[in-house]
Number of protein chains: 2
Amino acid sequence: MVAGLPKIKASAPTTRRHPKYEKRMASILKAASRVIARDGFEGASVRDVAARGKIGLSGIYYYFKGKDELLYAIQYHAFSTLVSSLKDRLKEASSPEEKLRAVIDNHFTFFVNNMDEFIVCVHEMESLSGKYYKNVLAVRQEYFRVVRRTVGELFQGSQYETDLAALSLFGSLNWVYMWYDREKNRDIDKIISQFLRVFLNGIAKA
Amino acid sequence: MVAGLPKIKASAPTTRRHPKYEKRMASILKAASRVIARDGFEGASVRDVAARGKIGLSGIYYYFKGKDELLYAIQYHAFSTLVSSLKDRLKEASSPEEKLRAVIDNHFTFFVNNMDEFIVCVHEMESLSGKYYKNVLAVRQEYFRVVRRTVGELFQGSQYETDLAALSLFGSLNWVYMWYDREKNRDIDKIISQFLRVFLNGIAKA
DNA sequence: GCTAAATTTGAACGAACGTTCGATTCTGAA
DNA sequence: TTCAGAATCGAACGTTCGTTCAAATTTAGC
């Protein structure tokens, strides 16, 4: 899953690795997502990540170059998954309305199933810099491009207006982590339909 | 402006204060908003705030109990202004459509005129705790209540659905700080009308 | 100009941070 | 069983952080 990363880390495929290697790496990333989602990137400590990942503090640095690379791996993997699964879903959708539903469903479902990673992606968008930021930005922009195209097929307006419509949709979808409650909002299909209704027909009375 | 704060600070109105006092306090808050908006609350350093506020590091603690109180003052003041100005605008609006425009206009205009404070409010919503968090939450919830009532007058649906429609609107409006560019988006009335159109009529073609 | 209070300062504290590194333990192939 | 290398660990380094406090400076009223 993390193998497809652009070669920012030393690739070094010559060395032999233990079978546990990938599992351990994923476990650390899971712990990092949890801690960063809760405390923010600056507020999160590598020591806390290590404790949750059942590894020593310095053990983290055997798998990752530094704290930045933890955030990078989380974000790059999440956005890649998001854009990949969206493209798959869009192929199976025919009408523009179905495509919009695919966009909303894909985004919201990813959120429900990967809350920590989602929060880290939305809330720590500006926490990276340099190559890390640039690479994540590229995937993020590709994701936006796909969504904007879908919105464009529905929206009657200029490109400027289509952009704003797509950005409005993103805003609504990314804001969910501020109010969504697993206990209170158990019927996610209902929420998805509601999002679709609001953006398809607006909130005005019939 | 900060005088109306709930008495978390020692009120101490007995002591005499210099005329510069309020100006100095506002200057520090402005600097804090700038730094926190850029670096995040955890990433922002009191030293940086002090430097930008043209005051010594320890001077900050003459005006504020600690770093938390800086964030508290910014957020409480911003939300109070937001809810107060919204109520004024709603009085002058007659139709539900005009009220929705007032909501969007009020929110977006505040953002354009107070970007740093806006970002600090949206991005650092969970950075406070205890009494600070509780007091800000109260004003924030009152603001939401007013907006939800406006949306409810337009939206044909259950309370659950009205909530989600209002939360969608909030999401779109709060997301603007991620894409708004003062140079590129100079016509803010156009943006406001676009927001209104999307939420009033949806994004579907006529 | 004197004085007491308001304001500002500089230096210092302990704590927590990210990162490094040599030593140690574990593991899989011979 | 042996052993090279992968994986983990413990301790420490230097830096930056929020906060404190006594001393110095500035201010307003007499």
Side-chain angles (χ1 to χ4, degrees), chain A residues 2 8-29 31-32 35-36 38-74 124 127-130 132, chain B residues 2 8-29 31-32 35-36 38-74 124 127-130 132:
Chain A
V2 202
I8 282 187
K9 321 185 47 178
S11 52
T14 57
T15 62
R16 211 180 296 141
R17 280 170 181 168
H18 285 181
K20 287 177 47 185
Y21 185 86
E22 306 273 357
K23 301 271 184 186
R24 206 86 166 98
M25 202 165 183
S27 145
I28 294 175
L29 284 180
V35 175
I36 297 176
R38 184 157 69 200
D39 303 333
F41 180 66
E42 294 280 353
S45 74
V46 182
R47 284 168 174 82
D48 214 4
V49 173
R52 281 194 174 269
K54 310 288 189 193
I55 199 175
L57 167 61
S58 47
I60 299 273
Y61 292 87
Y62 180 75
Y63 292 90
F64 299 93
K65 285 184 183 175
K67 197 184 176 187
D68 284 346
E69 203 170 80
L70 282 173
L71 179 57
Y72 170 72
I74 295 168
E124 308 301 334
S127 299
L128 286 176
S129 58
Y132 290 144
Chain B
V2 201
I8 282 187
K9 323 185 47 178
S11 52
T14 56
T15 62
R16 212 177 297 143
R17 279 169 180 168
H18 286 181
K20 287 177 46 184
Y21 185 86
E22 306 272 358
K23 302 270 184 187
R24 207 89 167 96
M25 202 165 183
S27 145
I28 294 176
L29 284 180
V35 174
I36 297 175
R38 184 157 70 200
D39 303 333
F41 180 66
E42 295 279 355
S45 74
V46 182
R47 283 167 175 82
D48 215 5
V49 173
R52 281 193 174 269
K54 311 287 189 194
I55 198 175
L57 167 61
S58 47
I60 299 273
Y61 293 87
Y62 180 74
Y63 292 89
F64 299 93
K65 285 184 183 174
K67 196 185 176 187
D68 284 346
E69 202 170 80
L70 281 173
L71 179 57
Y72 169 73
I74 295 168
E124 309 300 334
S127 298
L128 286 176
S129 59
Y132 290 144

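If you're wondering where the values come from, they're calculated on a predicted model, not measured in any experiment. Convention: sequence-line order gives letters A, B, ...; per-chain numbering from 1.
Among the heavy atoms of the strands lying under 4.0 Å from B:Ala44 are primed sugar atoms or P, OP1, OP2 only; no base atom is included. Counting non-hydrogen atoms under 4.0 angstrom, B:Ser45 reaches the backbone sugars and phosphates but no base. As judged by a 4.0 angstrom heavy-atom cut-off over every strand, A:Leu57 is placed among the base-contacting residues. When heavy atoms are screened at a 4.0 angstrom cut-off, B:Gly56 is found touching the sugar-phosphate backbone but no base atom.
Using a 30° and 60° split on the angle between ring planes, B:Tyr63 and B:Tyr21 fall in the tilted class, from 30° to 60°.
B:Arg24 CZ to B:Leu29 CG: the interatomic distance, rounded to the nearest 0.5 Å, is 12.5 Å. Summarising the geometry, atom CZ belonging to A:Phe41 is positioned 5.0 Å from atom NZ belonging to A:Lys67; distances are rounded to the nearest 0.5 Å. Rounded to the nearest 0.5 angstrom, A:Ile74 CD1 and A:Ile36 CD1 are separated by 4.0 Å.
Atoms OH (B:Tyr61) and P (C:dA12) sit 18 Å apart, rounded to a whole Å. The NZ atom of A:Lys67 sits 15 Å away from the P atom of C:dA16 (whole-angstrom rounding). Rounded to whole angstrom, the span from the CD1 atom of A:Ile60 across to the P atom of D:dC9 amounts to 10 Å. Taking atom CZ of A:Phe64 as the reference point, atom P of C:dG18 lies 15 Å away to the nearest angstrom. Rounding to whole angstrom units, CD1 of residue A:Ile55 and C1' of C:dC26 are separated by 13 Å. Regarding B:Leu70, its CG atom lies at a distance of 15 Å from the C1' atom of D:dC17, rounded to whole Å. If you measure from atom NZ of A:Lys54 to atom C1' of D:dA7, you get 18 Å, rounded to the nearest angstrom. At whole-Å resolution of the value, OH in B:Tyr21 and P in C:dT7 are 7 Å apart.
Looking at which nucleotide of DNA chain D each of B:Lys20 and B:Arg47 is closest to, the 5′-most match is held by B:Arg47.
Taking 4.0 angstrom as the limit, A:Tyr62 places a side-chain polar atom (N or O) nearer than this to OP1 or OP2 of D:dA7. Between A:Tyr63 and D:dA7 there is no side-chain polar atom (N or O) within less than 4.0 angstrom of OP1 or OP2. Contact annotation: A:Arg17 does not reach the phosphate of C:dT27 (side-chain N/O to OP1 or OP2, under 4.0 Å).
Between B:Ile28 and B:Leu70, some side-chain heavy-atom pair lies under the 4.5 Å cut-off.
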